[in-house]
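The next block holds one structure in the form of structure tokens; read it before the comments.
The shown structure was predicted, so the numbers you read here are calculated from the model rather than taken from an experiment. Both ligands and their constituent atoms are indexed starting at 1 by order of listing.
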Amino acid sequence: MMEILKALSTFVVLAIIFVHSVNSTDFNEVFQANWAPDHIVIQGDQTTLSLDSSTGCGFESKKKYLFGKAGAQLKLVQGDSVGTVTAFYMSSEGRNHDELDFEFLGNVSGEPYIVQTNLYINGTGNREQRHYLWFLVDDIPIREFANKEKKGIPYPKNQAMGIHGSLWNADDWATQGGRVKTNWSHAPFVVKFQSWEIDACELSPDEKDDPVVKCGKSGQFWWDKPVVKEVNKQRKQQLKWVRNNFLVYDYCQDVARFTDEGMPKECQS
Ligand SMILES: *[C@@H]1O[C@H](CO)[C@@H](O)[C@H](O)[C@H]1NC(C)=O
Ligand SMILES: *[C@@H]1O[C@H](CO)[C@@H](O)[C@H](O)[C@H]1NC(C)=O
Ligand SMILES: *[C@@H]1O[C@H](CO)[C@@H](O)[C@H](O)[C@H]1NC(C)=O
């Protein structure tokens, strides 16, 4: 089981904000299946996704959010999970979308899962990091993407995002670089999501006000307080501990990958 903390951010003032806050929510109130609904089973607080050789499946929130926190407890595929990817992510729509990803890459029985995080800003991704997981993951930050817009580095703060979950086959790349393939004799592969926590600013697509103004800094929300403006000392130490002990890959260290276009700007500052 693990809890996932999503990115926070802060900006310019104003307006009355409607904050949508849910705990241990009723799945159907907040989410809808958007891919292979027949592979998704809802039982009380628990939502089970399954993957077989015919298809994976996925769901998304009915509403979109800007700034805040979205969390869930996940129980990943047990035993042999080679080739499978369980995704929990937030994404806006369109070609220039913003996206925050957690992708759990399966492995052979007894070998470690990897969590891959990625970030798309205005349609550009290629910001992967990979970590091994430890026993208690809850509430420990694994990644920070600071707002350095002043240095011309884009920041995902303008587009409201839906909250998504999915389970799919990605055996062309997911496990040990794609060398090990999904063993379909172990299907169906199942994952469970439960205990949702969404504390975020809800934004409707026809919102007329500036989204940053509507959901941004007003001093009214926890994500606008100075205390969350920066990762605090304790969290900085936790980040360092995670980096030192569990980091497998960081795009910012992958010089060979970016020889043509140069390292992404955020890696240089
Ligand atoms: C997003 O990308 C488009 C090109 O696809 C560009 O025209 C636009 O200026 C970019 N927006 C921001 C905020 O960087
Ligand atoms: C799977 O296990 C192998 C061997 O321990 C490891 O090298 C790899 O990073 C693990 N995770 C994935 C997703 O391949
Ligand atoms: C797939 O799983 C079955 C059942 O456990 C096993 O007999 C078979 O050897 C596995 N195939 C591969 C390629 O590992």
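- Under 3.5 Å, the side chains of Tyr251 and Glu266 contain a donor-acceptor pair of N or O atoms.
- Among protein heavy atoms, atom 11 (N) of ligand 1 sits closest to Asn122 ND2, 2.9 Å.
- Every atom of ligand 2 is numbered from 1 in the order shown, and the set under 4.0 Å from a heavy atom of Ile114 is 9 (O), 11 (N), 12 (C), 13 (C).
- When each atom of ligand 2 is checked for a heavy atom of Asn107 under 4.0 Å away, the hits are 1 (C), 2 (O), 3 (C), 8 (C), 10 (C), 11 (N), 12 (C), 14 (O).
- Near Ala174, the atoms of ligand 2 lying under 4.0 angstrom from a non-hydrogen atom of the residue are 13 (C).
- In summary, the atoms of ligand 2 found under 4.0 Å from a heavy atom of Gly106, numbered by their order in the structure, are 13 (C).
- Among all non-hydrogen protein atoms, the one lying nearest atom 4 (C) of ligand 1 is Asn96 OD1, 4.3 Å.
- Residue His186 touches ligand 3 through its side chain alone, judged by heavy-atom distances below 4.0 Å.
- At a cut-off of 3.5 Å, with distance as the only test, a side-chain donor of Asp52 or His39 sits close to an acceptor on the other residue.
- Within the 4.0 Å heavy-atom criterion, both parts of Pro112, backbone and side chain, lie near ligand 2.
- For the residue pair Gln176/Asn107, the side-chain donor-acceptor check at 3.5 Å is satisfied.
- Side-chain rings of Phe59 and Phe31 approach one another, their centers coming within less than 6.0 Å.
- To the nearest 0.5 Å, atom CD of residue Glu202 and atom OH of residue Tyr65 are 5.5 Å apart.
- Atom 7 (O) of ligand 1 lies below 4.0 Å from none of the non-hydrogen atoms of the protein.
- With respect to atom 5 (O) of ligand 2, the closest heavy atom belonging to the protein is Glu111 OE1, 2.5 Å.
- Side-chain contact annotation: Glu128 with Gln116, donor-acceptor N/O pair under 3.5 Å absent.
- By the definition of a contact as any protein heavy atom under 4.0 Å away, atom 14 (O) of ligand 1 is in contact.
- Looking only at atom types and distance, the side chain of Asp45 has no donor-acceptor partner in the side chain of Gln194 under 3.5 Å away.
- Listed by number with element, the atoms of ligand 2 under 4.0 Å from a non-hydrogen atom of Gln176 are 1 (C), 2 (O), 3 (C), 12 (C), 14 (O).
- At a threshold of 4.0 Å, the pair Arg235-Asp139 counts as salt-bridged, since one of the basic side-chain nitrogens sits closer than that to a carboxylate oxygen.
- Under the 4.0 Å distance rule, the nearest protein heavy atom to atom 2 (O) of ligand 3 falls inside the cut-off.
- Note: Trp196 and Phe27 fail the aromatic proximity criterion, with ring centroids not under 6.0 Å apart.
- A ring-centre distance under 6.0 Å is not found for His164 and Phe88.
- Of the heavy atoms in Leu105, both backbone and side-chain atoms come closer than 4.0 Å to ligand 2.
- The part of Tyr132 lying near ligand 2 is the side chain, judged by heavy-atom distances below 4.0 Å.
- Less than 4.0 angstrom separates some heavy atom of Ser185 from each of these atoms of ligand 3: 1 (C), 2 (O), 3 (C), 4 (C).
- With respect to Val191, the side chain to side chain contact (heavy atoms under 4.5 Å, CB included) criterion is satisfied by exactly one of Leu49, Thr84, Thr47: Leu49.
- Annotation: atom 9 (O) of ligand 3 to nearest protein heavy atom, Asn183 ND2, 4.8 Å.
- Within ligand 2, the atoms closer than 4.0 Å to a non-hydrogen atom of Thr175 are 14 (O), numbered from 1 in the order shown.
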